[in-house]
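Comments concern the structure below.
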Amino acid sequence: MTNPVEPDAFTRRYGQWAVIAGASEGVGAALADQLAARGIDLILIARNESLVEAVAAEVRERHGVQARPLVADLTSPDIGARVAQATDGLEVGLLIYNAGAANRTVEFLEDSVEQSRKQIELACTGPLTLARLFAPAMRQRGRGGIVLVGSLACLAGSATIAVYSAVKAFNVNFAEGLWSELHPHGVDVVCTVLGKTDTEAMQRMGVTPDAGTMQPGDVAGEIIANIGNGPVHIVGEANRSIASHVWTVDRRALVEMMSAASRHFADEEATSGH
């Protein structure tokens, strides 16, 4: 069961500014609209200039918030510096990393090394860079949120999506580790794991929606309602049912157990002087 946060409490928890990486269409655009409806000002990052500017213009018109598009490639080596410049002077209290769609229908040996590396840069290096940019101030303030939008592909490696499933597993483990480190300081971290969603990206791949396909607005609403329910939240009842056959233990309890062990090891190492 989800417990949506009231708008005033939401703003107190996450501040006035949110960054959405991957905001030009689909779930990202729906997140922008729903956050703007709560009165949150936005920095919207995407490669497609016309699309991200259209999303920014629409949320400004509909909700009267500030919405600044940043046209940028999240795989660029200077993405951290560019986002830092775009958010200079702003108190960013919420980071949503929604980018990560890539070619998911090609066997590893039939794809180029460059394309595989791009997937890693987009889905691993990108969220790591932006989390490192915004998390220190969140921890210092004692509030904030980081959302990594993931995929059910994380559940296991699979043919034609070997790299994609691997980077989505990274999103889960990275979010869990961050949650363990930042949650005690008042910062929410969650990887929201999606199943099939009726987005423009899916349509371009030629995938036909079925009875289990979710709509971007419903996905966005559930993501926003569960920012504080980390470290992992599976979006959609049907998707939770699928994941339950693989993840048979409570992920939060497992992370807490693993973190206690790793912290103990780190303390022992520090004490021994190594």
Side-chain angles (χ1 to χ4, degrees), residues 10-11 13-36 38-61 63-102 117-149 167 170-171 174-175 178 181-182 185-190 223-224 227:
F10 189 91
T11 304
R13 181 69 179 162
Y14 302 114
Q16 189 58 48
W17 284 92
V19 169
I20 304 177
S24 59
E25 59 185 19
V27 173
L31 284 164
D33 182 68
Q34 294 185 30
L35 287 174
R38 292 174 175 263
I40 302 297
D41 295 317
L42 303 167
I43 301 292
L44 305 175
I45 308 172
R47 287 182 302 172
N48 191 306
E49 182 174 3
S50 61
L51 288 180
V52 74
E53 288 187 348
V55 172
E58 183 173 355
V59 298
R60 283 195 298 264
E61 182 177 351
H63 305 294
V65 300
Q66 296 187 66
R68 305 178 185 178
L70 173 60
V71 180
D73 185 342
L74 289 161
T75 68
S76 173
D78 68 344
I79 188 61
R82 291 200 59 194
V83 176
Q85 183 179 31
T87 58
D88 185 39
L90 305 180
E91 186 177 301
V92 174
L94 180 60
L95 166 65
I96 301 180
Y97 198 94
N98 177 59
R117 289 175 63 90
K118 281 287 186 184
Q119 287 193 57
I120 295 169
E121 290 163 359
L122 181 62
C124 301
T125 307
L128 183 152
T129 300
L130 297 193
R132 190 63 180 81
L133 175 62
F134 295 115
M138 293 180 188
R139 183 176 65 178
Q140 185 175 23
R141 290 192 295 265
R143 59 185 176 86
I146 298 172
V147 179
L148 306 185
V149 179
V167 298
F170 172 88
N171 290 162
F174 183 46
L178 283 182
E181 293 180 1
L182 296 177
H185 299 281
V187 180
D188 295 326
V189 182
V190 63
I223 288 173
I224 292 170
I227 297 172

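I224 is listed as a side-chain neighbour of R38, based on a closest heavy-atom distance under 4.5 Å. By the 4.5 Å heavy-atom criterion applied to side chains, I40 and F10 are counted as neighbours. Side-chain contact check for V19 versus L94: every heavy-atom pair is 4.5 Å or farther apart. Side-chain contact between V55 and D33 is absent, with no heavy atoms from C-beta onward closer than 4.5 Å. Side chains of L130 and Y97 form a contact here, defined as non-hydrogen atoms less than 4.5 Å apart. A heavy-atom distance below 4.5 Å is not found between the side chains of E181 and V189.
For the residue pair D188 and Y14, a side-chain donor N or O sits within less than 3.5 Å of a side-chain acceptor on the partner.
A distance of 6.0 Å separates CG of L51 from CD of E25, quoted to the nearest 0.5 Å. Remark: R47 CZ to S24 OG distance equals 8.5 Å, nearest 0.5 Å. The distance from the CD1 atom of I20 to the CD1 atom of I45 is 9.5 Å, given to the nearest 0.5 Å. With values rounded to the nearest 0.5 angstrom, R132 atom CZ is found 10.5 Å from L178 atom CG.
For the residue pair V59 and A36, the shortest heavy atom distance occurs at CB-CB, 3.9 Å. Counting all heavy atoms, side chain and backbone alike, A46 lies closest to A23 at CB-N, 4.2 Å. What you find for A99 and L122 is that their closest heavy atoms are CB-CD1, 3.9 Å. Minimum heavy-atom separation, A32 to L42: O-CD1, 3.4 Å.
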Just list the side-chain donor-acceptor pairs under 3.5 Å for residues 67-85, sequence neighbours left out, or say none.
{"residue": "R68", "atom": "NH2", "partner": "Q66", "partner atom": "OE1", "Å": "3.2"}
{"residue": "D73", "atom": "OD1", "partner": "T75", "partner atom": "N", "Å": "2.9"}
{"residue": "D73", "atom": "OD1", "partner": "T75", "partner atom": "OG1", "Å": "2.8"}
{"residue": "D73", "atom": "OD2", "partner": "T75", "partner atom": "OG1", "Å": "3.3"}
{"residue": "T75", "atom": "OG1", "partner": "K118", "partner atom": "NZ", "Å": "3.0"}
{"residue": "S76", "atom": "OG", "partner": "D78", "partner atom": "N", "Å": "3.4"}
{"residue": "S76", "atom": "OG", "partner": "D78", "partner atom": "OD1", "Å": "2.4"}
{"residue": "R82", "atom": "NH1", "partner": "V71", "partner atom": "O", "Å": "3.2"}
{"residue": "R82", "atom": "NH2", "partner": "V71", "partner atom": "O", "Å": "3.1"}

Which pairs would a plain distance check flag for residues 133-148, meaning a side-chain donor or acceptor within less than 3.5 Å of a matching protein atom at least two apart in sequence or in another chain?
{"residue": "R141", "atom": "NH2", "partner": "V92", "partner atom": "O", "Å": "2.8"}
{"residue": "R143", "atom": "NH2", "partner": "E91", "partner atom": "OE2", "Å": "2.6"}

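The backbone N or O of G22 sits less than 3.5 Å from a side-chain atom of N98, completing a donor-acceptor pair. Looking at N171, its side chain does come within 3.5 Å of a backbone N or O of A123 through a donor-acceptor pair.
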